[in-house]
Structures are given as structure tokens and as C-alpha cells.
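Heads up: the structure comes next, in C-alpha cells.
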Number of protein chains: 4
Amino acid sequence: MARRAISTVTGGTARSVLGIHVFHCPDVVGIVAKLSECIASRGGNIRSVDVFVPENKQDFYSRSEFVFDPTHWPRDVVDNDFIKLSKLFSAEKSIVRVPDLDPKYKIVILASKQEHCLVDLLYKWQEGRLPVDISCVISNHHRPPNTHVIRFLERHGIPYHYLPTSVGNKSEAEILELVEDTDFLVLARYMQILSGRFLESYGKDIINIHHGFLPSFKGGNPSKQAFDAGVKLIGATSHFVTQELDAGPIIEQMVERVSHRDTLQSFVQKSENLEKQCLAQAIKSYCELRVLPYQENKTLVF
Amino acid sequence: MARRAISTVTGGTARSVLGIHVFHCPDVVGIVAKLSECIASRGGNIRSVDVFVPENKQDFYSRSEFVFDPTHWPRDVVDNDFIKLSKLFSAEKSIVRVPDLDPKYKIVILASKQEHCLVDLLYKWQEGRLPVDISCVISNHHRPPNTHVIRFLERHGIPYHYLPTSVGNKSEAEILELVEDTDFLVLARYMQILSGRFLESYGKDIINIHHGFLPSFKGGNPSKQAFDAGVKLIGATSHFVTQELDAGPIIEQMVERVSHRDTLQSFVQKSENLEKQCLAQAIKSYCELRVLPYQENKTLVF
Amino acid sequence: MARRAISTVTGGTARSVLGIHVFHCPDVVGIVAKLSECIASRGGNIRSVDVFVPENKQDFYSRSEFVFDPTHWPRDVVDNDFIKLSKLFSAEKSIVRVPDLDPKYKIVILASKQEHCLVDLLYKWQEGRLPVDISCVISNHHRPPNTHVIRFLERHGIPYHYLPTSVGNKSEAEILELVEDTDFLVLARYMQILSGRFLESYGKDIINIHHGFLPSFKGGNPSKQAFDAGVKLIGATSHFVTQELDAGPIIEQMVERVSHRDTLQSFVQKSENLEKQCLAQAIKSYCELRVLPYQENKTLVF
Amino acid sequence: MARRAISTVTGGTARSVLGIHVFHCPDVVGIVAKLSECIASRGGNIRSVDVFVPENKQDFYSRSEFVFDPTHWPRDVVDNDFIKLSKLFSAEKSIVRVPDLDPKYKIVILASKQEHCLVDLLYKWQEGRLPVDISCVISNHHRPPNTHVIRFLERHGIPYHYLPTSVGNKSEAEILELVEDTDFLVLARYMQILSGRFLESYGKDIINIHHGFLPSFKGGNPSKQAFDAGVKLIGATSHFVTQELDAGPIIEQMVERVSHRDTLQSFVQKSENLEKQCLAQAIKSYCELRVLPYQENKTLVF
């Protein structure tokens, strides 16, 4: 809504939408010039261009926002135009997204007994602050302890699948079927480890929230680990899932102060609050095309 | 130094410097395209472009950073190129700056008895974190209470001018002479009000630090005002000086928590800490061409 | 729950509850000694004592937390013991509260069209994070725009009273009846001014949330005032209501950064977020006996 | 100075000083009562008492601040009075300190090539914000790269000892002699590991600053480790030195945000800024008797 209010030069009757473009290619002179020329030649108007060229590397990364009138620059022509640029610069990555025209990202949320992140995502989704479609929720617990969750899901027609952990990854096969046409997955405190075979078969991004300040406190019960270590700040980390446990590229981290007055229980409560914010922020950034893989095991967050 | 390490495509022997360009003109399609084309055609490489078009306004503001090789794109040609663009788009403002090639901004600092801001600016200047040349320091106090200041100024060859407040703005005439060839002025807790006539004669920007959270607590003794009001947060405000006292466009504001345990004295101490940071930040932003006047009495800080 | 887990010296079968005591009296030697002796003589155990004696004043303020076994120190004896101390030190104020034994504070929330604060308080109340009983909600709007609110209130048996603003303060008389046996009132963005007569008749504390950083931006539309002033930080202020509009003792203030990219609409949204936190924090502090009136128009928040 | 302004009941001519007392003993009823009775019986006036009893433990920890008139309660009698209480409650720890009467803590700072922490401590010391006497500075570098440091030390009569790292801990023996009559040691980025034998011989507390967010990134080059891990927040940790490298009880931790735009160099710079604050804060807390060892490997910071 706010987007459509952005001024355009084509007068009052025009409808102007926001486009986002990210680009990764070898660094040469004139990439921004070509990008902006392409946009301008179609009557589009650039809002911002953020460029990143790592020190001592010949790599170019950019993220652009522009507004345009889709009656003058049809959505499929936008794609074609950027594909041409992509070829021109031998780009490794070129994604364009028009939130008002494109289908929302389709996701599946995997959860477990600790539901605070699931509840928070559903709440934000209902408020319109999580620009995704939730295909279903998968849990390895029969029913969520919180009956509000089930009622909420029923009211919104979101299926809840109970897939208990089983021998031989039988449940993983079922999960694979359920997530087939999603754009990415969200592990909202899903306490199971997904196998390398699963990651390979799925092939798309999976965002996890870890209730510890990685790379400290990997694996089980990080709050207990932090409590025993006597840290003065606890943290949460959202990251991409890779084969190595809790070691994928970090997207976002947040911390909060603790003291000797904190008990293990209050560590857990403070952590839960961090986890909710950290995971929601990571998903939001991801949907706005702000998160790019970078170097071997890092992210770049525009 | 770090700037020169930025990668360029022209090979190891080239020398690459950073250029900054700000632009303000009526909003039309293709401004970024033309700007980036201009830069690319000279072998320059854009680092970032930040564009701002106010809602429902036909106004375009941008700030660009680019690296270029001045042997291929000489400094005066840079200017000419941007002047052409400026004419093309009927720009109200077009400034280009190449920190490594251009003379540093020349400033005069006006101070008074409270020296914390002056001392902080001198310290930052010595550390190389304040990219300006200080022509002189003007004070309405005979000698700074802190003898370190005088020794510091002597060691660095910066004159200290004692100009007592006098009848009929006689001192203002002397100040005008001393600041003649400066780029802007800094009032580092200068407790005198500069007359409208002075502002007009000087004609360039003057940055002031106010020890209160404007628009609350204008005028004298804002810490006392805040203390009496029982506020729970105190603030400092750096702003441009206009004829109306403490009412010019705000550049930066910072706050800090206070409680009933704070005395008027600790209000003052906490405020001084805020003032130093707030003023230094405003000057830094200003020198990096991040601060633009905006609308009647606001700033835009890229 | 957590409170009962606090260790006691009387062994595993004992039941230990938390007591809170605040005290305001002329400052003499030995007040803490007498207070703690009184508590210890009854088998109580002090958790913390916070004392405040203003500079150059003979005023003593304290807030103590202690755990005790009510079978050994019955609730009414606790009261009697502290009343004796109160007389001994000619205390102006001596309040004792045992959250696990005493009735919850009874409040009425007054709201209007902007419901974000009301919704937030109800949500926190349901989660058990607002230790009050809500007698009813009074609004000068017929029905809340958000039907969730009405459904929520119905589900929890909280009456919703529609009292339109009327000539001659007729509605104030009705409000007075409805709030008769409350402990304090909360104005959750209630956009009406309560008359001096009402304040006098009610005679107890009223906590208001103002959507501006007081003492700046009193009165109507503070977000618009802040937007026009070009501030770089916006704020919210919770305070006690007095006869002078938006000028009562400040309890809590919070701020958030804004920039030229913010619109009036985003000012309002950011402000709403601050208002919710600021009001909830003020109520929580108040219920925990942390907030005391101090000097003419200030608060002291332990 | 501010301390002496605190109000007393004994009239204008009295001189009132601040006393601090920390206590650790088995938890029984009435400890605060006895402590405050002891203070009141001598005409002292309690400012604050902070008590901590860990959940499910019979351990009592407290820190009290009180003002008293040393002509009525002489310094040595203060000690005797608290020793009696200490015996009464079989205290493991009972320390009393009167900053205005007691000798300042005597410390030695051990430094190395990275001087930012040393410089910061000297600067704060000169400003009167570090309440210690610095016996000398020991470094394993011949002369500090920054000649200001040497000039500063000379001007203030603080010896600079160059003790190169050598085979067989020969330098440790020399260090032991130099630190003999200190109260504690500060490792201000001293890049050598002190042997277990040294720690045992010295026998007092040693505060170290680690340029990483422990327990992540122990050992060498933590900034590089953090950079390679792609973290979004970097940290610094001040802790007590124990035989296990970078694993002693944590006193204070601070973090700062980093992004893909940060280079290893800017990681180091941001870290240095954190280290300075974190180390100075730990020393300040320690001198104010706020830091107590707690459980096996933690601290309690009042």
C-alpha cells in the first residue's frame, strides 16, 4: 500500500510498484550504469542501489530497489531484460522480485514442543508482517501443547502434520513430499537434525534458529551450556542449515544481558524472546532479497 | 588509506580514489542511469547510491560513492562532468568531493568556558578521525581553564583568540575576519548568540551543539530544566544555527537514561558525554556530504 | 511460582512468600536496622533493600523485598508490625504488599479509537505478565474497531462500557461509579481530558501514556508535532495524571530513532510500539511498588 | 567529593564518608538485621543493601553501602566490628573498604605491542576515573610504539619495565618481584601466558581482557576467528585469569554489530574499542567491591 504511494513521474492515474533486484557477477566497470540504464529505459525509477565489492576481490554484489509501472514494463519483460544483463556480465546470480505482482514465497514451518517461535511467526503472519504463504506446519509432537495454535491453524486453513521421529528417516520422506513446492523452509525450534540426503533432495534454503550465540554452544541445550559458562550476555543465531550441525552461514544474531540473578529458567525465557526476534528478522530479510550467500560459509546482508 | 585498497579493474599499478557526489533536483526518470553512465564512461566504479524521493513530492535527492583513477579522470574533468549533469536536470544542488585530492574542510571552533566538546574535537582531530583543518579557536574566555588545551594548540600551531563579549557586536566583526576563508563553523558550547547580521555576513553553515533534547529545553541551562522536569532520559542535539535560537534544522540527537539518583551535577556530566558524541557525529556526517537541508527546517542525513 | 522456590532456612515443608515494603520518612540513623530487625525477628529473610536519601535533604525512602513464612508471620501481623515502625519514624508513607496473599490490584482501562495499548495490555494480562484484575474497559467509542477485542473481553467476562463524551461531564459521573472500587486507573490512549473535579473525586492514581517525548509535544497530535520539528528520535512518556495537561510526574520514557525516510505514518507506528512498552512497564513498576511520588512533580522509580 | 556531600544526620560540621562491605556466609535468618544494627549502633547510615541467595542454595551474599563519621566510628573499629559479625555468621568472606580513608588499590599493568587498553587505562587514571595506584607497567616489548605513552609514564613517575619473553620463565621471576606488594594485576592485552606456578606464587586476582566473545574464540587471533566464522556480532570479555587459557570466571562482556562490509581490520578496530570499555568496567567494578567469585567458575557482579 505504502509502496503504491511512492511518487512517479507518469502522473496520477499510473500504478507504480516496487521491484527488487539482486546481482552477483565478476566486478567490471559500468555495471550500475547498465542496470540503471536498463531500468530508466523502461520508465522505472531507482530508489536505492547498494553495491558491495569485497576488498581485494573481483566480485560485484548489488541490491537495487526501483519503482515502475507494470503496464509500461510488463512483469515478464522485466525478467527478460535482467536475463540479458545477467548474460552480459556473466552473472552467477540475478534475481528480480516484484512483491505486489509475484506470488508470495511459500514456506513450511517445522516445529517441535517449544512453540514460542511458531506462535510468533503465526502472529506476525496474521498481522501481515511476514510476507509468506504457510503451506503447512510439521511437528514431531502429536499436538501442540498450546491449543490456541491448533485453533489458529484451523481457522486459517493451515494443515498441521504430526510426523514423529522414526527409524530410517521415514518421516523425512514424508516431509519431502509436503515441502515439495515451497520456496524455503523454516525450522522454528525443530529439534530434529535433517539428514544430508534430505538437504540434497530438497535443494533449497532452510533457515534455522539456534538458541545460542554461535559458534559457542552448538548442539543440545545451549542455554544450559551458557548458564554453566557464566556468560554475561546470551544470544540467539539464525542461520542457513548445512550438513554440519549448527555451522551454516549466519544470517542474524542478537544478544541480551544476563546476571547472576538469572536462573537457568530465566536464561531460557530471555533466549526465547531473542529467538523470536532473530528468526523473524532473518525471514523478513530473506524475503526482501537482502540475504546472499557470501564466500565459503558467510552471508552478506544488505 | 583503506580507500586506496579498494579493488579496481585497471590493474595493480593504478591508483584509485573515492569520490562522493550529492545531488538534489526535480524528480524525473533516469537520473541514476545518467549519473552512473557518466561515472562508468570515465572508468569510475560505483560503490553505493542512496536515493531519496519524499512521498508525494517531485524531489530527487541522491548521494553516491564511487572509486576512480584520477589519471584517467582528472579532478577538474570530474567537476565539469557533474556540472553538465547538474544543468541537464536543473539541479538545485550538486556537490562532488574527493577527500584524497581536495583540500580538507577548513573550520573555526568557537568555544567558551565549558571545554569538553573542544577538547574532544581536538583529540579526535589529532587521531585523524576529524577530517578538517582547524584555522583557529575563538573563545570568549581569556584562557582555557585546562592548560592542556593551550599547550596542545601551541604544539599544533593552532591560534587561540580571546574575543570577549562586547557591546555592539564589536567581537562579531573580529570573528567575521577570522572565519573568512572557512568552509563552516562549529560552536562547541559557545555560549554566545550570534546575531542575524553575523549569520548573513558569514553565509555558510554553522553547526551548534545544544545540551538538551530539542525542541524541549531551548535556551539557557537545559540540564537544569530537564532536572526540574523529572525526565527519565536526557539528550543532546546538534543542529544548524539559524536566526531563531536553538530552532535550526536538527542533524543528530542522542539520549541517555537518568534516574532519581542523578543529581543536577550528574545530569550535566552525562549530558557532556552526549554532547561530545553528538557534535563529532554531526561534523563527521557533514564532511562526508551526508547532511542535506530538507524542506523548510529539517535535514536529510544519508 | 518462582517466588515459592526461593530458598528458606526453615526446611523443605515450609511455604515462603515474597513481601515488598516501601517506606518514606524523615532521615535518621538506624531505619534499615529497625526494618531488618523487625523482619528477622519474625523469621523473615531480606532479599534486597534499596535506600534513597536525596542530596541535602533529610528524607529517607526505601523499598525492601523479603521472604517469609505466613504461618509463622501472619499477614495481618505483618501489617501491624510495619504500622508500629511507621509510627516510630513518623513515616509519611509505609506500604506493604504480599503478591501471593493480597488481592490483585483492581484497575479499569479507559481507551478510545486507537486500541494498540489496550490490546497489548489485554494480551499481557492473559499471559500473566500484568498482575492486575481488570474490572472493565471504558471507551468513548461505541465498539472497538478490532472485533478481536470484544470477543476477547466477552470470553474473559470483562465488561465493555461505551460512554460517549457528553456535555457537562455527564459521562464522568458514570465513569466515577464504574471505577469506584479500583486501586488505580490506566488511560490507554484515552483521548479525553478528565476534569479536575473527576481527579479529586477519584482521589487515586491515574497512569496515562502520552505519545510524545514530554515535556516536548504536549497536547494533540504529538507525532505530527515531532514530524514537523524534524527530530531524529521520537519518544513516548507514561506519567501520572494531574490537572495540568500532560504535565504530571513522569514514570517512564522510551525513544526510537527516526530518519528522513520516516513518514508521518511510520512515526505513528513507531510511536505506538513505544507507547505499548512504556505503558506496560509503568504499570508493572507501579504494581511492584517501585514508583513513589517524589518532590513536587517527579517520581522516584526503584 | 560527591560522597562527602551525602546528607548526614549529625549536622553540618561532621564529615561523612562512604563505606562498602561485602559478605559471604551460610544463609540464616537475620543477617541483614545484624549488619544494619551494627552500622546503626555506630551512627552509620545505610545507603543500599544488595542481597543474593542463589536458588536452592544455603548461601548468602551481600554488598552494602553506608555513610558514617570516622571520628565517631574509627576505621579500625569498623574493621573489628565486621570481624565480629564475620565470626558470628561463619563468613567465608567479609571485606570492608572505605575509599576515602583506605590506600588506593595498587596494581601493575602488563602490556604488549597492542597498546590501546594501556593508553585507555592511563587516560582514565589521569582523569581520576580509575581509583588505583599504578606501581609500574611491564611489557614484553622494548618500548611502546607510541612515544606518548613513555612520555606520559615519565611525567607521572610510573616506571616502564621491559621484560622480554625468555626461556624457562626467567621473566616471570622478575615480574613476581615487581608485583609483590600489589593488590591485583591487570593484563591489558598482555600476549603472554602466565604459568600455573606464577599464578600460585602471586596468589591474588589477575584481570585479563580477551578480544573475543568467550567461550567462543579462545586463544590466538580471536578477531580472525570471528571474521572467518562470519558472525554478525563481535565481543570482548574481561575475566579472571586461571590456569586454563581464557577460561577463568567472566566479569564483563560487551558486543558490537559487524557486517559483510567490515574487514578484518575493522573487526580489530571495533574489538579494540570494546576491549577498552570492557576492561575498564571490570576494573572499576572490582575496585568498588562489586565482583565476587561465585560457584565453581562464575562471578557475581553486584
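Labels below follow one simple rule: chain letters A, B, ... track the order of the sequence lines, proteins then strands, and each chain is numbered from 1.
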Note to self: With a 4.5 angstrom heavy-atom cut-off, is it the side chain or the backbone of C:Glu252 that approaches chain B, or both, or neither?
What the structure shows: both
Next item on the list: Please say whether the positively charged group of C:Lys224, taken as NZ for Lys or CZ for Arg, lies over the ring of C:Phe267, i.e. under 6.0 angstrom from the six-membered ring centre and within 45 degrees of the axis.
Entry: no
Item checked: Pairs of heavy atoms under 4.5 Å with chain C: top-ranked of B:Ala247, B:Gly230, B:Pro249 -> B:Gly230
Item checked: Heavy-atom contact with chain C under 4.5 Å, split by part of B:Glu296 -> neither
Item checked: B:Asp59 side chain to B:Asp27 backbone, donor-acceptor under 3.5 Å -> no
Check: Is B:Arg97 close enough and on-axis enough to B:Tyr105, meaning under 6.0 Å and within 45°, for cation-pi?
Finding: yes
Next item on the list: Measure the acute angle between the ring planes of B:Phe198 and B:Tyr202, then classify it against the limits of 30° and 60° as parallel, tilted or perpendicular.
Entry: parallel
Next item on the list: Counting only heavy atoms closer than 4.5 Å, note whether B:Thr299 contacts chain C via side chain, backbone, both or neither.
Entry: both
Notebook entry, point to check: Tell me, side chain or backbone of B:Thr263 under 4.5 Å from chain C's heavy atoms, or both, or neither?
Noted result: side chain
Notebook entry, point to check: Is the shortest distance from a Lys or Arg side-chain nitrogen in B:Asp262 or B:Lys232 to a carboxylate oxygen in the other one below 4.0 Å?
Noted result: no
Checklist line | Top contributor to chain B contacts, counting heavy-atom pairs under 4.5 Å, from C:Leu214, C:Val231, C:Val255 | finding: C:Val231
Next item on the list: Mind ranking B:Thr237, B:Asn297, B:Ile251 by heavy-atom pairs under 4.5 Å with chain C and telling me who comes out on top?
Entry: B:Ile251
Note to self: For the interface with chain B, which of C:Gln253, C:Gln225, C:Gln295 has the highest count of heavy-atom pairs at distances below 4.5 Å?
What the structure shows: C:Gln253
Notebook entry, point to check: Given that the side chain runs from C-beta out, which part of B:Arg257 has a heavy atom under 4.5 Å from chain C: side chain, backbone, both or neither?
Noted result: side chain
Check: What part of B:Pro215 lies closer than 4.5 angstrom to a heavy atom of chain C: side chain, backbone, both or neither?
Finding: both
Check: Can you say whether the rings of B:His210 and B:His239 are parallel (under 30°), tilted (30 to 60°) or perpendicular (over 60°)?
Finding: perpendicular
Notebook entry, point to check: Under a 4.5 Å heavy-atom cut-off, does chain C meet the side chain of B:Phe213, its backbone, both or neither?
Noted result: both
Notebook entry, point to check: Checking C:Arg63 against C:Phe52: charged group under 6.0 Å from the ring centre and within 45 degrees of the axis?
Noted result: no
Check: Does the pair C:Phe184 and C:Ile283 meet the rule for a side chain to side chain contact (heavy atoms under 4.5 Å, CB included), with working shown?
Finding: CA-CA 10 Å; C:Phe184 65 98; C:Ile283 297 173; 4.0 Å; yes
